[in-house]
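Beneath this line is the structure, given in structure tokens, with notes to follow.
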Amino acid sequence: MLASGGLVAFPTETVYGLGADAENPAAVASIYRAKGRPHDHPVIVHLAPGADLAYWSDAIPVQARQLVDAFWPGPLTLILKRAARIPAGVSGGQDTVGLRCPSHPVAIALLAAFKNGHGGIAAPSANKFGHVSPTTARHVHDEFGRDGSIAAILDGGQSGVGIESTILDLSRLSTHGPVLLRPGHLSAAEIAAVIGHTPVAADAGAPRTSGSLASHYAPQTPVALLQSGALALTLALLQQQGRRVALIHYTSPHPLVANRASLRLPAEPAAYAHGLYAALRAMDQAAIELSVDLILVEAPPSSEAWMGVNDRLRRAAHGSTGVLAGLLDTTQ
């Protein structure tokens, strides 16, 4: 199916990807059409273990080799200079390319079989652009099952990590050093331990990457983040106002939660990340069925271990700024 230009959804350890032959411009263009994705928003090329990086990039710094040896297969995407032979469509027209080797056994088997392990599969998350990323085959079917755009969905169970890969820019080392473009399961400290330099935050001139827009990973229902200390009072005020909210939290349940759609996630960052997107999808469905006004999310701690989770939640809530204040406004 991939060889004939079709789209195949497949599991990775992070989220499910919507894959096409990375060297087939028409197939890559069909990813953008299916997702409704802007054409300047790059996709990540997935490679088999042991793939030849030099085929995909003409400039491979030693730090890239070190990180590949340490973390591939795994949830790390490296941004390198794109080789001229690689079509620009995977890069959103930029001179860079994002490369990753996933660790999910189904993804590895697919990549090993595709072009005898020498091909690349371009794959953003298998959802409509801006929506919550899928972590099960059912989520993918919910997004695309009726539109006929996907040739096949490979079911590999629930993704183990649950949020997208860490993205590290190594394409401008001589001028900017390593740059963290998207936080994920792999931390800046873990990267620094391998290459000897702590990645710096993204700058205005950094390459465009997947998941970098201010509003992203969003359910249909508005999302609001709330600090733990304000949770009980806010729930009480919303109850007095007759407002309906769904709740995702990680501390001990409040008595008022009993009468709401609610879901408690683990108070540990990796376990929380594993369940985050499924929780957002479940609460979104509950919100639709119960005519809920808002998904209220208890904000996790701000430590580095929670950076990837907080990044996803901040983007999920970005487009809903002011909704909670409006629900609490007694003048309306």
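Numbers here simply count residues along the sequence, with the first being 1.
- At a cut-off of 3.5 Å, with distance as the only test, a side-chain donor of Arg37 or Ser210 sits close to an acceptor on the other residue.
- A donor-acceptor contact closer than 3.5 angstrom links the side chains of Glu23 and Tyr55.
- Between the side chains of Ser165 and Thr14, no donor-acceptor pair of N or O atoms lies under 3.5 Å.
- Side-chain N or O atoms of Ser57 include one that pairs as donor or acceptor with a backbone N or O of Ala59 at under 3.5 Å.
- Connectivity analysis of hydrophobic side chains (ILVMFWY, heavy atoms under 4.5 Å, direct or indirect) links Met307 to Leu180.
- At a threshold of 4.5 Å between non-hydrogen side-chain atoms, the residues Thr209 and Asp169 do not count as touching.
- With no hydrogens or angles considered, no side-chain donor-acceptor pair links Thr77 and Arg182 at under 3.5 Å.
- His141 and Arg138 form a side-chain donor-acceptor contact under 3.5 Å, judged by distance and modelled atom types alone.
- Side-chain atoms of His197 never come within 3.5 Å of backbone atoms of Gly177 as a donor-acceptor pair (strictly under, hydrogens ignored).
- The closest side-chain donor-acceptor pair between Glu298 and Thr251 falls under 3.5 angstrom.
- The salt bridge (Lys or Arg N to Asp or Glu O under 4.0 Å) check on Arg82 picks up nothing, with sequence neighbours excluded.
- Under the 3.5 Å distance criterion, the side-chain polar atoms of Glu13 are left unmatched by any main-chain donor or acceptor of Gly160.
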